[in-house]
Protein chains: 2
Amino acid sequence: MISRSSGLSLYRQVADAIRQQILSGELAPGSLLPSEKYLAEEHDVGRDTIRDAMAHLRGEGLVESKRGYRSRVRALVPRERIWLHPGEIVTARMPTPAEKKEHGIHEGVPVLVVGDKAYPADRYEFGRE
Amino acid sequence: MISRSSGLSLYRQVADAIRQQILSGELAPGSLLPSEKYLAEEHDVGRDTIRDAMAHLRGEGLVESKRGYRSRVRALVPRERIWLHPGEIVTARMPTPAEKKEHGIHEGVPVLVVGDKAYPADRYEFGRE
DNA sequence: CCCAATTTGTACGTATGTATA
DNA sequence: TTATACATACGTACAAATTGG
């Protein structure tokens, strides 16, 4: 339930509520969220507040949004494993716009970087044998 | 220069312009950006449009914002290197709110995950000897 | 220590554009 | 075609944190 006197911002409270539903499995991977308009009325806040909450959930990689369609809970796909060669270093960062477009990377999905190659972190993992 | 007829949204054009200034070094790491109010007047758009652009740049890990203070170009610190043990697997994702709070992780910074431990990707990297 | 100015954060409203069903 | 839904963009107002006098 949204409280206007809890000290926590409304969009965070909404984001927390939806995140909890996702992590608990109440909202299954791949399932559609209610529309922003519905959520705004349900929680009795403005649509902009819902959009703020959705933007944060997208940034966490929990949901994906597409114009003209309701937002969807992101579904996890099995990651392809790549074995590191001796001397290789792996780190991570957010993708550049060019990398997002090139690999079709969703919001809230980082890339793993090895050398000068970037691998979408929702589809790859690196291991040492 | 912002064009209202290019087909590209205004906030993306603003974000592209600022990103280019950061990547070119014109805006140095650690330096302060102009205020949102100034940027809105400079580009002749609403403050909300500037805030959309800033939110995306934060999501890319390029800038960090703090209430009461101007936004700042993120400064890169040297990463601590951790050597992987045989059989260990590393991947990356965005941090949970709890992880962000616990480790003081900024917006747009993923975590590297090894086992059930999460390492902020702006401070750690993993390597194979 | 307090006060005022500045700046970003939050939240509301409205309107229009564009993609999907 | 029509209705629905998210994206973009403008506006306003106030809250909260920081800075500096």
Side-chain angles (χ1 to χ4, degrees), chain A residues 1-18 27 30-59 62-74 97 100-101 104 106-108, chain B residues 1-18 27 30-74 97 100-101 104 106-108:
Chain A
M1 187 56 188
I2 303 298
S3 161
R4 298 182 108 84
S5 55
S6 73
L8 196 59
S9 60
L10 300 185
Y11 83 84
R12 275 181 204 279
Q13 293 183 56
V14 173
D16 290 347
I18 297 176
L27 283 171
S31 66
L32 296 176
L33 293 166
S35 72
E36 295 177 350
K37 183 169 178 288
Y38 178 93
L39 289 169
E41 290 167 359
E42 179 190 10
H43 296 290
D44 195 31
V45 297
R47 187 188 160 212
D48 191 60
T49 298
I50 300 296
R51 285 190 59 73
D52 273 353
M54 298 297 290
H56 275 75
L57 294 173
R58 280 196 299 274
L62 291 176
V63 306
E64 57 194 27
S65 302
K66 190 167 60 165
R67 169 185 283 175
Y69 204 60
R70 276 187 281 158
S71 294
R72 185 187 295 275
V73 180
R74 275 178 52 78
K100 283 177 64 172
K101 187 173 181 182
H106 288 101
E107 285 295 310
Chain B
M1 186 57 189
I2 303 300
S3 161
R4 298 183 108 85
S5 55
S6 73
L8 196 60
S9 61
L10 300 185
Y11 83 83
R12 275 180 204 279
Q13 294 183 54
V14 172
D16 289 347
I18 297 175
L27 283 171
S31 66
L32 295 176
L33 293 167
S35 72
E36 295 176 353
K37 183 170 178 288
Y38 178 92
L39 289 169
E41 291 167 358
E42 178 189 12
H43 295 291
D44 196 30
V45 297
R47 185 190 163 208
D48 190 58
T49 298
I50 299 296
R51 285 189 60 74
D52 272 354
M54 298 296 291
H56 275 74
L57 294 172
R58 280 197 299 274
E60 294 172 22
L62 292 177
V63 306
E64 57 194 29
S65 302
K66 190 168 59 166
R67 169 184 280 171
Y69 204 57
R70 277 187 279 159
S71 294
R72 184 188 296 276
V73 179
R74 276 179 52 77
K100 284 177 63 173
K101 186 172 181 182
H106 288 101
E107 285 296 309

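Below, read A as the first sequence line, B as the second, and so on, with proteins coming before strands; counting in each chain starts at 1. The structure displayed is predicted, hence computed values, not measured ones.
Taking atom CG of B/Leu32 as the reference point, atom P of C/dT8 lies 10 Å away to the nearest angstrom. Atom NZ in A/Lys66 sits roughly 23 Å away from atom P in C/dG17 (whole-Å rounding). Straight-line distance from the CZ atom of A/Arg67 to the C1' atom of D/dT4: 14 Å, rounded to whole Å. Between A/Met54 atom CE and D/dA5 atom P the separation is 13 Å, expressed in whole Å. Atom CG of A/Asp44 and atom C1' of C/dC12 are 12 Å apart (whole Å). Spacing between atom CD1 of A/Ile50 and atom P of D/dT8 amounts to 18 Å, rounded to whole angstrom units. In this structure, B/Lys37 atom NZ and C/dG9 atom P are separated by 17 Å, rounded to whole Å. Between B/Leu8 atom CG and D/dT8 atom C1' there is a gap of 12 Å when expressed in whole angstrom units.
In the set C/dC12, D/dC6, C/dT20, C/dC12 carries the atom at the smallest distance from any side-chain atom of A/Thr49. Of the candidate nucleotides D/dA5, C/dG9, C/dT7, C/dG9 has the atom lying nearest to any side-chain atom of B/Glu36.
No donor-acceptor contact under 3.5 Å links the side chain of B/Arg51 to the base of D/dA9. Side-chain atoms of B/Arg47 and base atoms of C/dG9 include a donor and an acceptor less than 3.5 Å apart.
Residue B/Tyr11 places at least one side-chain N or O closer than 4.0 Å to OP1 or OP2 of D/dT8. For B/Arg12 and D/dT8, the shortest distance from a side-chain N or O to OP1 or OP2 is below 4.0 Å. The shortest distance between the side-chain N/O atoms of B/Arg4 and the OP1/OP2 oxygens of D/dC10 is below 4.0 Å.
Of the candidates B/Arg58, B/Arg70, B/Arg72, B/Glu107, B/Ser65 forms a side-chain contact (heavy atoms from CB on, under 4.5 Å) with just one, namely B/Arg58. When the options B/Glu41, B/Glu42, B/Glu36 are evaluated for a salt bridge (charged side-chain N to carboxylate O under 4.0 Å, His left out) with B/Arg47, the one that passes is B/Glu36.
Using modelled atom types, one side-chain atom of B/Arg74 and one backbone atom of B/Gly61 make a donor-acceptor pair closer than 3.5 Å.
Rounding to the nearest 0.5 angstrom, the gap separating the CG atom in B/Asp48 from the CG atom in A/Asp48 is 7.0 Å.
Toward the 5' end of DNA chain C, the nearer of the two residues A/Gly46 and B/Ser71, judged by each one's closest nucleotide, is B/Ser71. Heavy-atom nearest nucleotides on DNA chain C were determined for A/Leu10 and for A/Gly68, and the one closer to the 5' end corresponds to A/Leu10.
Between A/Ser71 and A/Glu64, the side chains place no donor N or O within less than 3.5 Å of an acceptor N or O (distance only, hydrogens not considered).
Across all strands, B/Arg72 comes closer than 4.0 Å to no nucleic acid atom at all (heavy-atom distances).
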